[in-house]
Trainee: 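Please find one structure pasted underneath; my questions will follow.
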Amino acid sequence: MTDMTTQQRMKIKRHEMPNQDQVVRRGNYTEVALGYSEETAKAEAERCLQCKDPKCISGCPVGVMIPQFIKALREGDMVKAVEWMKVKNNLPAICGRVCPQEVQCEGNCILGKKGEAVAIGRLERFVGDYELAHRTCPLVKAADTGKKIAVVGSGPAGLTCAVDLAREGHKVTLYESLHGPGGVLVYGIPEFRLPKAVVHGEISYAVDCLCIDLKTDHVIGRSFTLDELLAENDAVFLGTGAGLPSFMRIPGINLNGVMSANEFLTRVNLMKAYQFPDYDTPVRIGKKVAVIGAGNVAMDAVRCSKRLLSLQTGQGEAPGEAHIVYRRSKDEVPARKEEVHHAEEEGVIFNFLTNPVEIIGNEKGAVTGLKCIKMQLGEPDKSGRRQPVPVEGSEFVMEVDTVIMALGTNPNPIVFVDAEGLDRTKHGTAVADTETGRTKKKRVWAGGDVVTGAATVISAMGAGKRAAADMNAFLKGERTWE
Amino acid sequence: MYRIMKKEVLSDVVKLMEIEAPHVARKAQAGQFVIVRIDEFGERIPLTIADFNREAGTITIIFQELGKSTIQLGKLNVGDTISSFAGPLGHPTEVKNYGTVVCMGGGVGVAPIYPIARALKEAGNTVISIIGARNKELLFWEEKMRAVSDELVVCTDDGSHGRKSLVTEPLKELLENRDKKVSHVWAIGPAVMMKFVTLTTKPYDVPTTVSLNTIMIDGTGMCGGCRVLLEDGAQFVCVDGPEFNGHKVNWDSLLSRLSFYKDEEKKAMEHYAHKCRLESAAAKGEK
Ligand SMILES: Cc1cc2nc3c(=O)[nH]c(=O)nc-3n(C[C@H](O)[C@H](O)[C@H](O)COP(=O)(O)OP(=O)(O)OC[C@H]3O[C@@H](n4cnc5c(N)ncnc54)[C@H](O)[C@@H]3O)c2cc1C
Ligand code: FES
């Protein structure tokens with residue numbers, strides 16, 4: 001089939017992702033998107049026009065060699081497809097599942113101008129899953145350089161940096177404060193979107209192949225300070241993320257039943273509260289949940305709520321309600337399109353142009369309601385975005401048992417303890433060069449959410465990769481610090 | 001994996017363990033805490049550091065068997081391991097010479113107050129300690145506390161040992177006694193006890209530090225589940241505390257948040273008891 005004309009290729013319709021039934025899946029935590037079959041993947045790959053000047057690559061924060069891997073895939077050469085993929089991306093099975101492709105590679109795809117873009121993310125996932133199952137492209141460690149590196153934080157930024165440096169032959173120690181590696185990939189993003197077996201498979205493979213010394217339960221800033229790490233290592237990378245939750249400044253935030261999305265998601269995902277009491281950590285949400293915000297974090301929280309509500313509902317009982325409360329309109333929703341679509345299918349109720357003003361509680365200190373005010377879109381501001389303004393006198397109370405705040409996060413604070421010379425911006429993020437990741441402190445690099453604030457998996461990986469390249473050049477004496 | 005090096009039964013429901021965790025011991029200071037997770041299924045529970053030995057690389061924890069996790073922990077023995085042990089977390093106690101200080105430990109709170117009393121004593125303070133428990137069986141470390149205190153008052157609720165009173169009574173007397181010139185009070189114990197200690201010291205305007213043990217998950221500032229309402233807004237106990245000015249704490253909010261998962265704790269206990277019964281039945285069957 002690979003000798004089709006452009007016109008023939010353009011006639012092929014984009015292939016739907018097979019999904020778990022939308023009603024069945026409300027009651028389980030297994031993955032929603034089932035993945036392409038080999039046949040579908042090849043057929044989708046046929047849609048790629050192999051542009052001379054591929055725009056998709058420039059839309060990808062790490063520049064994955066997209067036309068190359070797609071070509072190999074449609075020619076049936078999976079080993080080659082994996083090789084092309086791995087030139088730039090070590091974690092395709094993860095990125096294929098969680099990247100916001102519609103604003104990156106697929107957003108740039110020429111086919112998308114008139115019709116639908118090639119499903120690059122789904123193909124990436126297919127190739128990633130193939131590699132997970134077959135391991136055709138082993139990670140090899142170069143000869144020992146005698147250099148020692150400490151990487152702090154095992155999310156996508158730290159992992160990518162650790163892997164790239166270990167491949168170069170440096171001795172890498174990876175510090176993680178939680179009991180397991182993965183960062184947001186394990187504590188934030190739920191099982192039904194990114195199975196933990198995929199994350200653990202990728203991490204343990206890399207750690208084993210490359211002899212990375214993974215130290216969990218190590219809180220840098222407490223167990224060891226940054227200066228102590230510098231004394232024992234030639235270079236340090238900080239990929240500590242942005243997990244510190246913010247709460248709205250409205251009355252009632254300390255009531256029982258008000259949680260940050262991070263608390264809720266950590267209970268559910270990392271601690272597996274959906275399997276309580278087989279797992280010890282509980283989570284209680286009652287019958288009606290309001291999630292404030294409309295980013296990826298909010299979508300994950302509301303979809304987890306929906307599942308918990310179904311799981312706790314007995315036969316014949318009406319399942320509870322899970323709401324999104326967002327002060328802007330649907331057009332401004334920042335979450336990935338697919339997540340919003342899935343949430344709608346699963347029966348999540350969206351309340352747009354609605355802004356919470358107070359959380360109401362009873363005499364026992366438990367949440368009973370969320371007082372909101374209706375909003376309308378006002379004049380466009382300097383950025384051209386129409387700002388929501390309250391509609392006077394439109395307050396109303398939603399009866400709810402649980403309020404989950406998904407309003408953005410700030411950098412994790414502890415790594416900055418006693419880290420003299422490591423400059424921070426007024427938002428609390430580490431100051432680091434975008435190209436090299438160099439901070440203001442000698443021999444310390446940083447990247448990912450700790451530098452950018454909450455962003456994406458792939459941008460964190462990109463930052464880890466760029467920093468690794470610069471660190472490697474520095475360690476080999478090809479570049480100096482000054 | 002972290003090995004249990006030593007185990008002592010301090011009372012019916014209070015146990016002591018020394019855990020091998022050099023990465024925690026190297027920096028641990030009085031007032032800080034650790035997060036412990038027993039096994040793959042375990043929850044992350046905060047426990048205050050009761051003592052540490054930098055050379056041996058061990059941390060002493062003392063816990064009261066209150067719920068599923070602490071009961072399960074109490075069943076482990078020397079040589080057994082636990083899955084995770086992270087720390088030292090939180091800010092250490094601000095140790096300096098205040099003059100005369102009162103160190104109060106209620107119930108299992110005697111454990112964390114001990115290293116604080118010792119450090120304050122070493123810093124040159126006159127240390128008056130008041131420890132208390134419901135009854136004699138629940139009291140421990142009386143002699144250890146005596147060794148680091150200039151004066152020690154022991155109370156039990158039922159009078160089975162020491163003075164029959166709540167710990168706040170002798171405290172009040174000390175505050176009334178102008179010669180003593182108490183300049184700072186530390187109180188660690190059940191939230192209700194700490195609440196009443198702060199209510200007692202408030203009229204005398206004596207600064208009172210409490211160590212809060214709210215519900216925690218990560219212990220590193222990532223969830224906000226541990227937050228406490230102070231006069232001037234909410235703070236995270238794990239990163240901003242665990243010690244706070246007790247006069248600023250909103251105790252009603254704290255007590256209500258502590259009780260949020262009561263039903264689930266009960267359910268976890270029942271589930272665990274059931275599992276234990278099945279296991280012991282199976283073990284008997286094998287024999
Ligand atoms: C619920 C949720 C859903 C998301 N969904 C998507 C999505 O669909 N697509 C997408 O692209 N992005 C998504 N994101 C964003 C994305 O996950 C993050 O941008 C990305 O994980 C950042 O990677 P990182 O490596 O910088 O930090 P993190 O993943 O946050 O990892 C940081 C790690 O450092 C550890 N750490 C912190 N402090 C210390 C310390 N002092 N010592 C030792 N270790 C420390 C932390 O425990 C953590 O494991 C989502 C985020 C959340 C919270
Ligand atoms: S325990 Fe999670 S923020 Fe304190």
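Proteins come first, then strands; the chains are lettered A, B, ... in the order of their sequence lines, and each starts at number 1. Computed from a predicted model, the values in this text were never measured in an experiment.
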Trainee: Is it the case that the side chain of A:Y29 and the backbone of A:C304 share a donor-acceptor pair, with hydrogens and angles ignored and the cut-off at 3.5 Å?
Mentor: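 Yes; judged by distance alone, with no hydrogens or angles, the pair exists.
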Trainee: Assess, by modelled atom type and distance only, whether the side chains of B:E18 and B:N53 contain a donor and an acceptor separated by less than 3.5 Å.
Mentor: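 No, B:N53 and B:E18 have no side-chain donor paired with an acceptor closer than 3.5 Å.
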Trainee: Heavy-atom distance under 4.5 Å to chain B: side chain of A:K364, backbone, both or neither?
Mentor: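 Contact with chain B involves the backbone of A:K364 alone.
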Trainee: Sort out for me which of A:L265, A:N256, A:N262, A:T281 touches chain B most, counting heavy-atom pairs under 4.5 Å.
Mentor: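 Most heavy-atom pairs within the cutoff with chain B belong to A:N256.
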Trainee: What part of B:V239 lies closer than 4.5 angstrom to a heavy atom of chain A: side chain, backbone, both or neither?
Mentor: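 When you check distances to chain A, atoms from both the backbone and side chain of B:V239 fall under 4.5 Å.
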Trainee: Heavy-atom distance under 4.5 Å to chain A: side chain of B:L258, backbone, both or neither?
Mentor: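 Answer is neither: B:L258 stays 4.5 Å or more from chain A.
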Trainee: So, do A:S305 and A:I404 sit near enough that their side-chain heavy atoms are less than 4.5 Å apart?
Mentor: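 Answer yes - side chains close enough.
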Trainee: Please identify, among A:P282, A:G365, A:G257, A:G221, the residue contributing the most non-hydrogen atom pairs under 4.5 Å to chain B.
Mentor: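 Heavy-atom pair counts peak at A:P282.
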Trainee: Where on B:R37 is there a heavy atom nearer than 4.5 Å to chain A: the side chain, the backbone, both, or neither?
Mentor: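 Contact with chain A: side chain only.
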Trainee: Under a 4.5 Å heavy-atom cut-off, does chain A meet the side chain of B:H271, its backbone, both or neither?
Mentor: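 For B:H271, the contact with chain A is made by the side chain alone.
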Trainee: Using non-hydrogen atoms only, which part of A:L255 is less than 4.5 Å away from chain B: side chain, backbone, both, or neither?
Mentor: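 A:L255 touches chain B through backbone heavy atoms alone.
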Trainee: Taking all non-hydrogen atoms of both residues into account, name the closest pair between A:G286 and A:D401 and its distance.
Mentor: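 Of all heavy-atom pairs spanning A:G286 and A:D401, the closest is C-OD2, 3.7 Å.
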Trainee: Quick one: what part of B:R257 sits under 4.5 Å from any heavy atom of chain A, side chain, backbone, both or neither?
Mentor: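 Interface part for B:R257: both.
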Trainee: Do you know which of B:K275, B:E40, B:E270, B:E43 has the most heavy-atom pairs with chain A at a distance under 4.5 angstrom?
Mentor: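 Ranked by heavy-atom pairs under 4.5 Å with chain A, first place is B:E43.
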Trainee: Where does B:V228 contact chain A at under 4.5 Å (heavy atoms): side chain, backbone, both or neither?
Mentor: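 When you check distances to chain A, only backbone atoms of B:V228 fall under 4.5 Å.
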Trainee: Under a 4.0 Å threshold between the charged nitrogen and the carboxylate oxygen, would A:K148 count as salt-bridged to A:E232?
Mentor: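 Looking at A:K148 together with A:E232, the answer is no, because their closest N to O distance does not fall below 4.0 Å.
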Trainee: Can you tell me which portion of A:D278 sits under 4.5 Å from chain B's heavy atoms? Options are side chain, backbone, both or neither.
Mentor: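 Interface part for A:D278: both.
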Trainee: Do B:D80 and B:K7 meet the salt-bridge criterion of a basic N to acidic O distance under 4.0 Å?
Mentor: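 Answer for the salt bridge query: no.
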Trainee: Cation-pi between A:R424 and A:F416: NZ/CZ under 6.0 Å from ring centre and within 45° of the ring axis?
Mentor: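 Because its charged atom sits under 6.0 Å from the ring centre and within 45° of the axis, A:R424 does stack over A:F416.
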Trainee: Answer with side chain, backbone, both or neither: which region of B:I38 has an atom nearer than 4.5 Å to a non-hydrogen atom of chain A?
Mentor: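 For B:I38, no heavy atom lies under 4.5 Å from chain A.
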Trainee: Is any side-chain heavy atom of A:Y279 less than 4.5 Å from a side-chain heavy atom of A:M271?
Mentor: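 The answer is no; the side chains never approach within 4.5 Å.
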Trainee: Is there a side-chain contact between B:R118 and B:D51, using heavy atoms and a 4.5 Å cut-off?
Mentor: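 A side-chain contact under 4.5 Å exists here.
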Trainee: Tell me, side chain or backbone of A:S223 under 4.5 Å from chain B's heavy atoms, or both, or neither?
Mentor: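 For A:S223, backbone and side chain are both near chain B.
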Trainee: Check whether A:F224 forms a cation-pi arrangement with B:R26 (NZ or CZ under 6.0 Å from the six-membered ring centre, at most 45° off the ring normal).
Mentor: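 Yes, B:R26 lies over the aromatic ring of A:F224.
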Trainee: For A:F264, which atoms come within 4.5 Å of any heavy atom of chain B: side chain, backbone, both, or neither?
Mentor: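 Neither the backbone nor the side chain of A:F264 comes within 4.5 Å of chain B.
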Trainee: With a 4.5 angstrom heavy-atom cut-off, could you sort out which part of A:V283 is near chain B: side chain, backbone, both or neither?
Mentor: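 For A:V283, the contact with chain B is made by backbone and side chain together.
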Trainee: Is it the side chain or the backbone of B:Y272 that comes within 4.5 Å of chain A heavy atoms, both, or neither?
Mentor: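 The answer is neither part of B:Y272.
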Trainee: Heavy-atom distances under 4.5 Å only: say whether A:E176 touches chain B with side chain, backbone, both or neither.
Mentor: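 Looking at A:E176, nothing touches chain B.
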Trainee: Select one option (side chain, backbone, both, neither) describing which atoms of B:I217 are under 4.5 Å from chain A's heavy atoms.
Mentor: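 It is the side chain, since no backbone atom gets that close.
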Trainee: Shortest non-hydrogen contact from B:A119 to B:V95?
Mentor: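 Where B:A119 meets B:V95 most closely, the heavy atoms are O-CG1, 3.4 Å.
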Trainee: Output the option from B:A28, B:S259, B:S83, B:G87 having the highest count of non-hydrogen pairs under 4.5 Å with chain A.
Mentor: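 Max contact count across the listed options: B:G87.
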Trainee: Does any backbone or side-chain atom of A:T409 lie under 4.5 Å from a heavy atom of chain B? Answer side chain, backbone, both or neither.
Mentor: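 Neither; nothing under 4.5 Å.
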Trainee: For B:T220, is it the side chain, the backbone, both or neither that has a heavy atom under 4.5 Å from a heavy atom of chain A?
Mentor: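 B:T220 touches chain A through backbone and side-chain heavy atoms alike.
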Trainee: Heavy atoms only: give me the nearest B:R227-A:I253 pair and the separation to one decimal.
Mentor: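 Closest heavy-atom pair between B:R227 and A:I253: NH2-O, 2.6 Å.
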Trainee: Name the option with the most non-hydrogen atom pairs under 4.5 Å to chain B; the candidates are A:K272, A:M259, A:R267.
Mentor: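 Most heavy-atom pairs under 4.5 Å with chain B: A:R267.
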Trainee: Check each atom of A:N412 against the heavy atoms of chain B and say whether the ones under 4.5 Å are side chain, backbone, both or neither.
Mentor: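 When you check distances to chain B, only side chain atoms of A:N412 fall under 4.5 Å.
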Trainee: Is it the side chain or the backbone of A:L178 that comes within 4.5 Å of chain B heavy atoms, both, or neither?
Mentor: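 It is both, since atoms from each part get that close.
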Trainee: So for B:A268, is it side chain, backbone, both, or neither that comes closer than 4.5 Å to the heavy atoms of chain A?
Mentor: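 Both parts, backbone and side chain.
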Trainee: For a quick test of reading the model, state the closest non-hydrogen atom pair linking B:T48 to B:Q32 and the distance between them.
Mentor: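 Shortest heavy-atom contact: CG2-O, 3.5 Å.
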Trainee: List the steps and the verdict of side-chain contact (heavy atoms from CB on, under 4.5 Å) for B:I4 and B:N77.
Mentor: CA-CA 7 Å; B:I4 300 169; B:N77 288 307; over 6 Å; no
Trainee: Quick check on the interface: out of A:G241, A:S260, A:A261, who has the most heavy-atom pairs with chain B under 4.5 Å?
Mentor: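 It is A:S260.
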Trainee: What part of A:P245 is in contact with chain B, defined as an atom under 4.5 angstrom from a non-hydrogen atom: side chain, backbone, both or neither?
Mentor: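 Backbone plus side chain of A:P245, per the 4.5 Å heavy-atom cut-off to chain B.
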Trainee: When you check the gap from the basic side-chain N to the acidic O, do B:K27 and A:E228 get nearer than 4.0 Å?
Mentor: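 Here B:K27 pairs with A:E228 in a salt bridge, since their nearest N and O are under 4.0 Å apart.
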Trainee: Would you kindly say whether B:S253 and A:N254 are connected by a side-chain donor-acceptor distance under 3.5 Å?
Mentor: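 On atom types as modelled, these side chains qualify, holding a pair under 3.5 Å.
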